[in-house]
Amino acid sequence: MRILAAMSGGVDSAVAAARAVEAGHDVVGVHLALSRAGGTLRTGSRGCCTIEDAMDARRAADRLGIPFYVWDFSERFRDDVIEDFVAEYRAGRTPNPCMRCNEKIKFAALLERALELGFDAVCTGHYATLVATPDGPELHRASDQAKDQSYVLGVLTADQLAHTYFPLGATPSKALVRAEAAERGLTVAQKPDSHDICFIPDGDTRGWLAERVGAERGEILDRSGAVVGTHEGAHAFTVGQRRGLSIGVPAADGKPRFVLEVRPVSNTVVVGPKDALATAEISGERFTWAGRAPASAAFACDVQIRAHADPVPARAELAGGTLTVRPESPFDGVAPGQTAVLYDGTRVLGQFTIDRTVSAAPVPA
RNA sequence: UCCGCCGUGGUGUAAUGGCAGCACGACAGCCUUUGGAGCUGUGAGGUCUAGGUUCGAAUCCUGGCGGCGGAG
């Protein structure tokens, strides 16, 4: 097959490309330039789109003896990922930009261009596995549960999965990938894992948002509506958050307070006890299926609410264009804007963006 | 004016004669390709003030200052 290997400049995508070559495919490496602003050059290997990273990717491609190109997707990245990110925070929601990037850039813009150029598939260093079936590929969790990235790939559709290649998914651990990188003479073998949001140079998400969303002082309320403090911009908060409230005065019960709600219109943040985060139901209209759609409108599944949450057993129901999920036991702190990924065991069924939540805790007197 | 109660880190409290403890908040680290959560750790008060009793005072006594409640 003709494979286009997306190379971020990190260990994983370099080893993935190497395995694609070794498997006998005709591989071309490409690095995505996602930002053209000089100021976003991140040192310390924190991102996936710095000039350093592009150089690392090129060195890896050279080592593998494959052609290498840099494609500029910065405009689409700005429009589809960064602007969406800002708009969501303006609306008091908590977006997941990595999922938008997978949905719109890596497995959309990049994949489309690859297909146009005659490639059969795009290869990435994601930790997830594809299982071939007569109905097309299924997306499953990776063998290394600690590194599993199937959650952020939950946005992929059947068409996208049909042209996708994840060589690392069956590897038992990341340590083996690093060891393999070292054996293959790849200079990125010991490069630190990337984390945080790649387009925020110093990792200061609040500061970055303050410049774009606009930071305006507002009130922090408790559930009775009493003012318990002030904040310097509602964008700095997300449902379930505990730190950074700086209220100074303890709650009456002396227990920690968590953000229960962010109200962008009034620029207020509502706080309360941990119990009040319990969520009995989530729903949304923006959903996709990773492969074939479910056979019936109501079905059992496991639902994962955040990238680092444990999946919980639940019932899903599709009615009138709305997907609703009710967990067997309540979710703990669900932020609208986040993505719920539905699993059947290790298989990803699909995902939706959480638009509404229903509390499991009665509002106190 | 009188009577009563009270004054301890940023906040709320514990210790009623013997090393000033706990919680919340703050900060740091770990974890993590989203935001959070979670875990670990750290700093900060000689106890409103001036005297007194005592080997020893947050604690007992006296005055002052401040707060709360009651009594026309």
Side-chain angles (χ1 to χ4, degrees), chain A residues 6 8-13 32 34 42 44-50 53 81-82 84-86 88-89 91-103 105-106 124-128 142 145-155 168 174 191-200 203-209 213 220 222 228-229 231 234-262 269 271-274 277-279 304-310 331-341 351 353-354:
Chain A
S8 68
V11 201
D12 295 327
S13 57
L32 303 187
L34 299 177
R42 256 190 173 185
S45 309
R46 299 190 71 182
C48 56
C49 44
T50 68
D53 291 318
V81 179
I82 299 181
D84 173 77
F85 183 76
V86 172
E88 287 286 280
Y89 268 105
R93 297 151 57 91
T94 307
N96 185 329
C98 291
M99 305 205 69
R100 292 287 91 79
C101 178
N102 286 334
E103 181 182 22
I105 308 296
K106 288 180 187 154
T124 73
H126 284 106
Y127 286 77
Q145 290 201 358
K147 290 301 296 179
D148 173 55
Q149 291 172 321
S150 61
Y151 174 84
V152 289
L153 298 169
V155 286
L168 301 189
K174 170 110 185 192
K191 195 169 169 179
D193 289 4
S194 63
H195 55 85
D196 294 339
I197 300 172
C198 71
F199 54 85
I200 298 179
D204 178 17
T205 306
R206 287 188 191 186
W208 189 93
L209 281 168
V213 176
I220 300 176
D222 67 15
V228 294
H231 64 76
H235 65 274
F237 302 94
T238 191
V239 174
Q241 177 171 338
R242 173 180 172 184
R243 306 188 64 178
L245 286 165
S246 301
I247 293 178
V249 181
D253 58 6
K255 290 187 177 171
R257 278 166 296 210
F258 297 78
V259 173
L260 303 181
E261 204 183 325
V262 176
V269 174
V271 300
K274 192 175 183 64
L277 289 171
T279 302
Q304 187 172 333
I305 277 314
R306 289 178 293 273
H308 306 294
D310 292 328
F331 294 119
D332 185 28
V334 183
Q338 290 281 284
T339 301
V341 174
Q351 60 82 36
T353 300
I354 300 163

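So you know, we letter chains A, B, ... as the sequences are listed, proteins then strands, and number each from 1. Predicted model only: the values in this text are computed from it and were never measured.
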Quick one: label [X] by what it contacts on the DNA or RNA (base, sugar-phosphate, nothing), any heavy atom closer than 4.0 Å.
{"X": "A:V152", "value": "nothing"}
{"X": "A:F237", "value": "nothing"}
{"X": "A:L245", "value": "sugar-phosphate"}
{"X": "A:G244", "value": "sugar-phosphate"}
{"X": "A:F85", "value": "nothing"}
{"X": "A:R243", "value": "base"}

Is B:rG46 in the syn range, within 90° of 0, or in the anti range?
syn
Complement of [N], any strand, by Watson-Crick or G-U distances under 3.5 angstrom:
{"N": "B:rA26", "answer": "B:rU42"}
{"N": "B:rU32", "answer": "none"}
{"N": "B:rC68", "answer": "B:rG4"}
{"N": "B:rC19", "answer": "none"}

Using the [atom1] atom as the point on both nucleotides, what is the distance between [M] and [N], in whole Å?
{"N": "B:rG21", "M": "B:rG46", "atom1": "P", "result": "13 Å"}
{"N": "B:rA71", "M": "B:rC60", "atom1": "C1'", "result": "29 Å"}
{"N": "B:rA37", "M": "B:rC24", "atom1": "P", "result": "14 Å"}

Flag the pair A:R257 and A:D222 as a salt bridge only when some basic side-chain nitrogen lies within less than 4.0 angstrom of an acidic carboxylate oxygen.
no
Using 4.0 Å as the upper bound for N to carboxylate O, is an ion pair formed by A:K147 and A:D193?
yes
When you measure from the side-chain N and O atoms of [X] to the phosphate of [N], is any distance below 4.0 Å, counting only OP1 and OP2?
{"X": "A:R100", "N": "B:rU34", "answer": "no"}
{"X": "A:H308", "N": "B:rU34", "answer": "yes"}
{"X": "A:K147", "N": "B:rU33", "answer": "yes"}

Would you kindly give the [atom1]-to-[atom2] distance between [X] and [N], to the nearest whole Å?
{"X": "A:H235", "N": "B:rG36", "atom1": "NE2", "atom2": "C1'", "answer": "15 Å"}
{"X": "A:Y127", "N": "B:rU33", "atom1": "OH", "atom2": "P", "answer": "10 Å"}
{"X": "A:D310", "N": "B:rU32", "atom1": "CG", "atom2": "P", "answer": "14 Å"}
{"X": "A:Q338", "N": "B:rG36", "atom1": "CD", "atom2": "C1'", "answer": "8 Å"}
{"X": "A:F258", "N": "B:rA37", "atom1": "CZ", "atom2": "P", "answer": "8 Å"}

A:V334 or A:K255, whichever maps to the more 5' nucleotide of RNA chain B
A:K255
Take A:G333 and A:D148, find for each the nucleotide of RNA chain B with the closest heavy atom, and name the residue whose nucleotide sits nearer the 5' end.
A:D148
Mind checking the [atom1]-[atom2] spacing from [X] to [Y]? Nearest 0.5 Å is all I need.
{"X": "A:D53", "Y": "A:S194", "atom1": "CG", "atom2": "OG", "answer": "8.0 Å"}
{"X": "A:L153", "Y": "A:H126", "atom1": "CG", "atom2": "NE2", "answer": "5.0 Å"}
{"X": "A:Q304", "Y": "A:D310", "atom1": "CD", "atom2": "CG", "answer": "7.5 Å"}

Identify whether NZ of Lys or CZ of Arg in A:R206 sits under 6.0 Å from the centre of the six-membered ring of A:F237 and within 45° of that ring's axis.
yes
Compute whether any side-chain donor of one residue and acceptor of the other, for A:S8 and A:S13, lie under 3.5 angstrom apart.
yes
Among A:I105, A:T353, A:I82, find the residue that satisfies the side chain to side chain contact (heavy atoms under 4.5 Å, CB included) test when tested with A:R100.
A:T353
Check the pair A:D84 / A:Y89 against side chain to side chain contact (heavy atoms under 4.5 Å, CB included), numbers first and verdict last.
CA-CA 9 Å; A:D84 173 77; A:Y89 268 105; over 6 Å; no
Anything under 3.5 Å between a protein N or O and an N or O of nucleotides 6-12 of chain B, put it in a table, one pair a line.
residue : atom : partner : partner atom : Å
B:rG10  : N2   : A:G248  : O            : 3.0

